[in-house]
Each structure stands twice: as C-alpha cells, then as structure tokens.
Number of protein chains: 2
Amino acid sequence: MSRPLREPSYFVLAALIDGPLHGYAILKQVLELSDGRVRLSTGTLYGALERLTADGLLLPGAEEVVEGRPRRAYSLTPTGLTAVTAEAERLEAAARVVMARTSIVRVSPA
Amino acid sequence: MSRPLREPSYFVLAALIDGPLHGYAILKQVLELSDGRVRLSTGTLYGALERLTADGLLLPGAEEVVEGRPRRAYSLTPTGLTAVTAEAERLEAAARVVMARTSIVRVSPA
DNA sequence: TACGACGTGTCGGCAACCGATATATGGGGA
DNA sequence: TCCCCATATATCGGTTGCCGACACGTCGTA
C-alpha cells in the first residue's frame, strides 16, 4: 500500500485512462478533466512521468517524430489503473467525511 | 484560492467540524474518521496546527491544565470551515473524473 | 518500578511540486 | 522577413509539507 497520490500525479494517471498520450497532450487533458483548475507546469509533469514510470504505474512508449517534433506516449499499466482507482475511492471517502458533517439538514423535531 | 490541502491537514480540519479538540484528541479523531487509515505522527500534527493557525483556518484556545496535563484546544474559524468544505468538493470532483471512466458498465449490445 | 496511555513539542531528512529557464519545430500575421 | 504563439521535451533550484525519531513530563495500573 502506497502513500496517497498528490493532485498533479493523480490527474496525470487519470488523463491516461482513455488511452496513451504524450506529455504535452497530458497537460491539455488534465486541464480539461479538471475543468480548467489544474494547470501542470512542465517541471511537475516530466518529473511525475519519470517517477510514475519508475513506480511501475506508467509504461513509456518509443519516441517518435510527428511533424518534425519528437513525442513519447505514456500508457497506464494495470498497476497504474489499480492505483488511480484506489485513489479515487480514497478521495471519495475523504470527501464524504466532511460532507456528512456539514451538509446534513437536521430532520429531528425541535 | 489556495493550493490543495494534503491529506493530513485536511483531516485535521475535518476532525474539528464537530467542535474544538486538543492535539492528542485530534490524533484519535482523525484515526476514527478515516476508518483507521490515517495515523498522524505528532510531527505532522503540531506542524499542521501551527501552519493552519498562521493561515487563519484554526484558532488556538488558551492552554489549560486537566488532571495535571497541559492542553490546548483548537477550533475551526469560518475561513477554515469554508476551506475544508471547498476541499471536500474538489476531492469529490476529482474522484468522479476517475470513477466515470472506470466503473461504467457497457450496456450497448455485443 | 515499569510500562503504556495521555499530552505537547522539536528536529532533520525527504518527496513532490513549482516557477523559471533552455532548446527546437511549425504556422500565421504584421 | 521577423516575431510570436502553439507544440514538444527537458533540467534545475527553491519551497512546502509530511514523516520518523526523539525529548520531556503526568497519571494510572499491574
């Protein structure tokens, strides 16, 4: 069992659920998935890609050149999919803890 | 708008929604709220209390001595309550992003 | 008397993020 | 032509916040 993923890493994994993407495309996908809230810096992105790969959550593809620009696509490993799913459940449980204590409308009579 | 709270800080705030608690009681409350998953070290706890106080999310009470032991209770400020609620919504939204992409049962015919 | 629960606190190390910077291609507008 | 912006990858130093270990002290109980 690993420590919780921080938001940037979590969204990197989330961006790859639908299929492999290269770094810059992940940047845009994360922005979209987070409704414009999470704007990854490239320092964060490439650091995370390297780390998540080392942890076995991502699998890097071969570098290919598209329209004169080099690209490298990353895909989720089964471990990565498991990790991001487990993390989503953790987040949801944590959210519930607070919501249950703030949004309950008291129904009991005065 | 601030950066996301990390899990330990988030649970410290969450523990105080029901009312003020002192440090050691927060430790136990967090353990309970998180279903035994989040066990804060005192280093994390007192560091977080200091920081969250400096950020205006917590208000420390006066030190009082109970049964020979000193205590200091902390309470959530309105800003703190707003922050932890907003964070809960962020967490839930993040969880949804992944759940929507992994848990959909395909209904379309083969 | 020793140990564990209670209770607060410090310190150094570390992982991850963040902003700035670097490098390079391709396309479009002034 | 020249400049800027989007595309695309990569490095680096600084900061933040967590983490484990340690320190100090009380109280109850075996």
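Lettering of chains follows the sequences in order, A, B, ..., and the numbering in each one begins at 1.
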Under-4.0 Å side-chain N/O to phosphate OP1/OP2 contact, [X] with [N]:
| X | N | answer |
| --- | --- | --- |
| A:Thr44 | C:dC18 | yes |
| A:Thr42 | C:dG19 | no |
| A:Lys28 | D:dT7 | yes |
| B:Arg3 | D:dT16 | no |
| B:Arg71 | C:dC6 | no |
| B:Arg51 | D:dG17 | yes |
| A:Tyr46 | D:dT9 | yes |

- Exam field: side chain A:Thr44 to backbone A:Leu40, donor-acceptor pair closer than 3.5 Å: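 Looks like no, no N/O pair under 3.5 Å.
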- Message: Quick one: does any side-chain atom of A:Arg72 pair with a main-chain N or O of A:Gly61 as donor and acceptor, under 3.5 Å?
- Response: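 Between the backbone of A:Gly61 and the side chain of A:Arg72 there is a qualifying donor-acceptor contact (under 3.5 Å).
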- Ignoring hydrogens and angles, are the base of C:dC6 and the side chain of B:Arg69 linked by a donor-acceptor pair under 3.5 Å?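 Looking at the base of C:dC6, it does pair with a donor or acceptor on the side chain of B:Arg69 (distance under 3.5 Å).
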Between atom [atom1] in [X] and atom [atom2] in [N], what is the gap in whole Å?
| X | N | atom1 | atom2 | result |
| --- | --- | --- | --- | --- |
| A:Leu40 | C:dG19 | CG | C1' | 13 Å |
| B:His22 | C:dA5 | NE2 | P | 15 Å |
| A:Tyr24 | C:dT25 | OH | P | 17 Å |
| A:Leu49 | D:dT9 | CG | P | 9 Å |
| A:Glu50 | C:dC17 | CD | C1' | 14 Å |
| A:Ile26 | D:dT9 | CD1 | P | 8 Å |
| B:Arg6 | C:dA16 | CZ | P | 9 Å |

- How would you label the contact of B:Gly68 with the nucleic acid (heavy atoms, under 4.0 Å): base, sugar-phosphate, or nothing?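 If one applies the 4.0 Å heavy-atom cut-off, B:Gly68 turns out to touch the sugar-phosphate alone, with no base involved.
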- Task: Remember a base hit wins even if backbone is also touched, and classify B:Gly47 as base, sugar-phosphate or nothing at under 4.0 Å, heavy atoms.
- Result: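 The answer is nothing, as B:Gly47 stays clear of every strand by at least 4.0 Å.
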- Message: Exactly one of A:Leu91, A:Val30, A:Val38 should register a side chain to side chain contact (heavy atoms under 4.5 Å, CB included) with A:Tyr10. Which one does?
- Response: A:Leu91
- On a heavy-atom basis, the closest approach of A:Leu16 and A:Tyr74 is CD2-O, 3.5 Å
- Are B:Glu32 and B:Lys28 within salt-bridge range, i.e. N to O under 4.0 Å? no
